[in-house]
Amino acid sequence: AISGMTIIAKSVLDDREKALDCLEKIESANTYLLGLINDILDMSRIESGKMELSYESIDLEQQLSNLESLFRAQAEEKHLELTFENDYRKKRPLRADSLRLNQILVNIIGNAIKFTREGGKVTFSAAVRSKTKNDAVLRFVVNDTGIGMDEAYLPHIFEPFSRTEESKTNQIQGTGLGMAITQNIVSMMNGTIEVKSVLGEGSQFIVAVSFKLCEEAEDNNAELSGLPVLVVDDDQDICESAAEILDDLGM
């Protein structure tokens with residue numbers, strides 16, 4: 001595509017509109033090619049055992065906010081309702097490979113948007129599943145009202161170069177490497193990934209990843225330490241989220 005469109009563009013330099021159309025197609029093909037090369041390099045590193053994780057302190061709230069901004073424009077372009085919920089707010093920083101965590105979430109959320117019809121809905125949520133003094137397991141859930149997948153295909157979704165043989169899927173660009181890479185990175189981060197899907201109704205991806213907690217900052221809430229609090233609400237998730245925040249304050 002890049003070679004062909006370049007030749008055509010050279011022959012229509014006097015026609016600004018046609019030349020611009022060629023350049024836009026070259027740009028699109030170039031983006032796709034770069035993605036393909038990156039995916040193949042990642043698979044090569046994984047298969048040779050040379051992919052390594054680089055752990056550092058990350059601000060999860062900021063990272064998820066950046067992701068939301070990244071996908072908001074794509075969702076609006078397709079007239080999709082995009083919802084981001086993050087229950088891990090204003091808590092202890094985490095230690096993780098931010099680049100690879102980003103890669104996991106970009107692959108899953110990107111697919112949800114890509115395979116959801118105009119006017120559909122995509123929701124993302126992040127919450128603490130369990131926590132100890134030094135570790136926390138976070139659960140990331142992505143739901144969409146997209147085209148979904150046949151039950152027979154689900155066991156093969158994480159195989160390299162695997163794509164469901166469905167007419168609507170075949171019209172959408174993709175290499176079939178994204179989910180294989182995602183599963184491998186999740187495994188390297190001592191996590192799990194699950195998928196549920198109904199053809200024609202949508203899909204749900206659930207990723208649970210274990211993080212190390214950074215050292216706690218000096219306690220500035222000594223006056224709150226040990227105070228008993230009763231949390232009451234008719235929504236259990238809100239209760240649990242509030243309880244986590246109060247617990248972090250020492251209450």
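Treat the numbers as computed from the prediction; the structure is a model and nothing was measured.
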Any link between [X] and [Y] through a network of hydrophobic side chains (Ile, Leu, Val, Met, Phe, Trp, Tyr) touching at under 4.5 Å?
| X | Y | answer |
| --- | --- | --- |
| Val198 | Phe205 | no |
| Phe158 | Ile108 | yes |
| Ile206 | Val122 | no |
| Leu99 | Leu41 | no |
| Leu33 | Ile8 | yes |

Just by distance, do the side chain of [X] and the backbone of [Y] share a donor-acceptor pair under 3.5 Å?
| X | Y | answer |
| --- | --- | --- |
| Thr145 | Lys121 | yes |
| Asp97 | Ser54 | yes |
| Thr116 | Ala112 | yes |

Is [X] atom [atom1] crowded by more than 12 heavy atoms from other residues, nucleotides or ligands, each under 6.0 Å away?
| X | atom1 | answer |
| --- | --- | --- |
| Glu27 | CD | no |
| Arg72 | CZ | yes |
| Glu151 | CD | no |
| Asp235 | CG | yes |

Please report the C-alpha distance between Ile113 and Lys78 in whole Å, then the side-chain angles of each, then the deciding distance to 0.1 Å, and finally whether the side-chain contact (heavy atoms from CB on, under 4.5 Å) criterion is met. CA-CA 8 Å; Ile113 291 175; Lys78 289 188 68 175; 4.3 Å; yes
N-O pairing of Asp135 and Lys212 below 4.0 Å: yes
State plainly whether the residues Arg100 and Asp42 are in salt-bridge range, i.e. N to O under 4.0 Å. yes
Determine whether Ile147 and Arg117 satisfy the following criterion, side-chain contact (heavy atoms from CB on, under 4.5 Å), listing intermediate values before the conclusion. CA-CA 7 Å; Ile147 61 177; Arg117 304 178 188 87; 3.8 Å; yes
Once rounded to the nearest 0.5 Å, what's the spacing between atom [atom1] of [X] and atom [atom2] of [Y]?
| X | Y | atom1 | atom2 | answer |
| --- | --- | --- | --- | --- |
| Met5 | Ser28 | CE | OG | 11.0 Å |
| Gln63 | Leu101 | CD | CG | 5.0 Å |
| Asn30 | Ile2 | CG | CD1 | 5.0 Å |
| Ser125 | Leu138 | OG | CG | 10.5 Å |
| Ile109 | Leu82 | CD1 | CG | 7.5 Å |
| Ile26 | Asp21 | CD1 | CG | 10.0 Å |

Criterion side chain to side chain donor-acceptor pair (under 3.5 Å) on Asn86 and Glu68, from CA distance to verdict: CA-CA 11 Å; Asn86 174 23; Glu68 181 177 7; over 6 Å; no
Return each pair, listed once, that meets ring-ring contact (aromatic ring centres under 6.0 Å, His included) where at least one residue sits in residues 122-150; pairs must be two or more places apart or across chains. Phe84-Phe124
Between Ser203 and Ser197, is any side-chain donor less than 3.5 angstrom from a side-chain acceptor? yes
For residues Asn66 and Gln62, is any side-chain donor paired with an opposing acceptor at under 3.5 Å? yes
Passes side-chain contact (heavy atoms from CB on, under 4.5 Å), Lys131 versus Val137? Steps please. CA-CA 6 Å; Lys131 189 173 74 169; Val137 176; over 6 Å; no
Report, one line per pair, each donor and acceptor closer than 3.5 Å where one atom sits in a side chain of residues 182-193; sequence neighbours left out.
| residue | atom | partner | partner atom | Å |
| --- | --- | --- | --- | --- |
| Thr182 | OG1 | Asn107 | ND2 | 2.9 |
| Thr182 | OG1 | Gly178 | O | 2.8 |
| Asn184 | ND2 | Ala180 | O | 2.7 |
| Ser187 | OG | Gln183 | O | 3.1 |

Minimum heavy-atom distance Arg95-Ser57, with the two atoms named: NH1-N, 4.2 Å
Closest heavy-atom pair, Cys239 versus Val232, reported as atoms and distance to 0.1 Å, is SG-C, 4.1 Å
Using side-chain contact (heavy atoms from CB on, under 4.5 Å), reason through Cys214 and Leu94 one step at a time and then give a plain yes or no. CA-CA 6 Å; Cys214 294; Leu94 303 167; 5.9 Å; no
According to side chain to side chain donor-acceptor pair (under 3.5 Å), who are the partners of Glu85, at least two apart in sequence or on a separate chain? none
Side-chain contact, heavy-atom cut-off 4.5 Å: Met149 with Val195? yes
